[in-house]
Amino acid sequence: MHNRTLGIIGGTGWLGRAIAEALLDSGFISPDRLLVSNRSGTHTFEPPVRLLADNQQLVALSDVVVLSIRPEQFRELQINAKGKLVISLMAGIPAAAIRAATGADAVIRAMPNAAVEIRQSFTPWYSADSLSEQDRALVQGLFECVGTADEVPNEDCIDYLSALSGTGPALAAMLHQALVSQAVAAGIPPAIAQHAAQGVVVGGGQLLARHDPQEMIKALMAYRGVTAAVVQSMADQGIDAMVGRAVQQGAEVARRGL
Ligand SMILES: NC(=O)c1ccc[n+]([C@@H]2O[C@H](COP(=O)([O-])OP(=O)(O)OC[C@H]3O[C@@H](n4cnc5c(N)ncnc54)[C@H](OP(=O)(O)O)[C@@H]3O)[C@@H](O)[C@H]2O)c1
């Protein structure tokens, strides 16, 4: 962080705490340059990380402020962040609303997901203002501490991706559930159905970290056997369109605002 101080409002929550811990573990920030705030006063950080009860004090002491509170909690947040770089992790709150409410000089919207916990989040981020190269590197580096990150060209990408990667494990979990319930309906004992679905979602997911998914499908289709029949049936029944409609539905919620 090049001697800059980072304050995380809501830094004791699920996302905020996971990010703070990753920043400390990776040495991206030194503990004396990290501030967190919440309302309850409870936290698990060791000094010299400081927990503040006063958000305005946190803002005053920080160069960069991360908003890691829930969208509905934002309405009650009262800070003046003039002169600061504000990075919001909140879904469905536009950059213009964040600037209007905080007076921040530069507003960034970023959308990590629950995989911050294992440092495998994909985090798209958008800057509503022109950024110095130093600030761009800071934002990219910050989110690379919890996985991979890409700057996106417009704010709508954030709303769309909130419904895609922002959902974290939700899509994979839905596939898992469908596989289990259909296998049980087909007469497979429930415990075995669970193991089989786990193999598909977790084992298959890990394999795809090393192989290109498109190439993988091509190779499996070439056998013209059981796998090819399953894949072809999913394609014929419009899996692309179904996934597209589901993600658009979520994106609409993000666009409408929370
Ligand atoms: N979790 C996810 O998978 C995920 C994915 C993408 C984006 N997001 C976004 O990330 C944000 C945080 O989500 P989360 O899951 O980490 O929520 P969370 O676990 O509920 O954390 C919110 C934190 O904010 C604190 N807080 C609330 N109001 C505050 C205030 N006025 N001042 C200071 N601290 C305050 C809460 O602590 P106290 O109650 O002690 O104040 C809590 O520690 C949300 O906006 C969400 O849209 C989450």
Side-chain angles (χ1 to χ4, degrees), residues 6-23 34-45 49-62 64-81 84 86-95 97-99 101-102 104 107-126 139 142-150 152 155-174 247 250-258:
L6 177 75
I8 307 180
I9 297 181
T12 56
W14 185 358
L15 224 53
R17 197 188 58 222
I19 290 173
E21 285 172 354
L23 298 181
L34 180 63
L35 309 166
V36 295
S37 70
N38 69 9
R39 297 162 304 179
S40 61
T42 53
H43 76 122
T44 52
F45 292 104
V49 175
R50 274 173 292 169
L51 174 75
L52 301 172
D54 181 342
N55 289 319
Q56 190 56 49
Q57 191 189 2
L58 175 141
V59 171
L61 293 170
S62 302
V64 180
V65 176
V66 174
L67 299 179
S68 191
I69 55 178
R70 297 187 184 194
E72 67 270 21
Q73 294 165 336
F74 180 63
R75 280 181 227 117
E76 280 152 36
L77 183 74
Q78 291 197 339
I79 52 167
N80 179 346
K84 312 288 176 176
V86 167
I87 304 175
S88 165
L89 310 183
M90 297 179 294
I93 309 272
I98 295 164
R99 187 194 317 288
T102 65
V107 175
I108 285 171
R109 283 186 65 195
M111 192 48 55
N113 64 45
V116 290
E117 205 178 289
I118 54 167
R119 298 177 192 174
Q120 289 197 31
S121 168
F122 164 63
T123 306
W125 60 273
Y126 165 73
V139 176
L142 189 152
F143 290 113
E144 283 180 353
C145 290
V146 286
T148 58
D150 279 324
V152 296
E155 189 164 6
D156 191 62
C157 290
I158 294 294
D159 290 329
Y160 186 87
L161 291 169
S162 299
L164 197 165
S165 49
T167 56
L171 299 182
M174 286 295 286
V247 175
E252 270 315 304
V253 172
R255 289 181 189 122
R256 267 204 311 274
L258 291 167

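Start at 1 and go down the list; that is how both ligands and their atoms are numbered. Positions are given from 1, in the same order as the sequence printed here. All values below come from the heavy atoms of this structure, side chains included, with hydrogens, waters and symmetry mates left out.
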K.L.:
Tell me which donor-acceptor pairs under 3.5 Å the side chains of residues 111-121 have, and how far apart each pair is, sequence neighbours excluded?
P.N.:
| residue | atom | partner | partner atom | Å |
| --- | --- | --- | --- | --- |
| Asn113 | OD1 | Ala115 | N | 2.8 |
| Asn113 | ND2 | Ser165 | O | 2.9 |
| Glu117 | OE1 | Trp14 | NE1 | 2.9 |
| Arg119 | NH1 | Asp25 | OD2 | 3.1 |
| Arg119 | NH2 | Asp25 | OD2 | 2.9 |
| Ser121 | OG | Asn113 | N | 3.0 |
| Ser121 | OG | Thr123 | OG1 | 3.1 |

K.L.:
With sequence neighbours left out, what residues match Arg255 under salt bridge (charged side-chain N to carboxylate O under 4.0 Å, His left out)?
P.N.:
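Applying salt bridge (charged side-chain N to carboxylate O under 4.0 Å, His left out) to Arg255 gives Asp156, Glu252.
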
K.L.:
Looking only at heavy atoms, what is the nearest atom pair of Ala254 and Ser162, with distance?
P.N.:
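Of all heavy-atom pairs spanning Ala254 and Ser162, the closest is CB-CB, 4.4 Å.
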
K.L.:
Tell me which one of Val66, Leu58, Val59 satisfies side-chain contact (heavy atoms from CB on, under 4.5 Å) with Ser62.
P.N.:
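Answer to the side-chain contact (heavy atoms from CB on, under 4.5 Å) test with Ser62 among Val66, Leu58, Val59: Leu58.
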
K.L.:
Got a sec, which residues hit side chain to side chain donor-acceptor pair (under 3.5 Å) with Thr44, two or more places apart in sequence or on another chain?
P.N.:
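Thr44: no side chain to side chain donor-acceptor pair (under 3.5 Å) contacts found.
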
K.L.:
Show me a pair-per-line table, with atom names and distances to 0.1 Å, of protein N or O atoms that are under 3.5 Å from an N or O of ligand 1.
P.N.:
| residue | atom | partner | partner atom | Å |
| --- | --- | --- | --- | --- |
| ligand 1 | 16 (O) | Trp14 | N | 3.3 |
| ligand 1 | 16 (O) | Leu15 | N | 2.8 |
| ligand 1 | 19 (O) | Trp14 | N | 2.9 |
| ligand 1 | 20 (O) | Arg70 | NE | 2.7 |
| ligand 1 | 20 (O) | Arg70 | NH2 | 3.0 |
| ligand 1 | 28 (N) | Arg39 | NE | 3.2 |
| ligand 1 | 32 (N) | Asn55 | ND2 | 3.0 |
| ligand 1 | 39 (O) | Arg39 | NH2 | 2.9 |
| ligand 1 | 40 (O) | Ser40 | N | 3.0 |
| ligand 1 | 40 (O) | Ser40 | OG | 2.6 |
| ligand 1 | 41 (O) | Arg39 | N | 2.7 |
| ligand 1 | 41 (O) | Arg39 | NE | 2.7 |
| ligand 1 | 43 (O) | Thr12 | OG1 | 3.0 |
| ligand 1 | 43 (O) | Gly13 | N | 3.1 |
| ligand 1 | 45 (O) | Ile69 | O | 2.5 |
| ligand 1 | 47 (O) | Ala91 | N | 3.2 |

K.L.:
How far apart are the closest heavy atoms of Thr42 and Leu51, and which atoms are they?
P.N.:
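Heavy atoms of Thr42 and Leu51 come nearest at N-CD2, 4.3 Å.
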
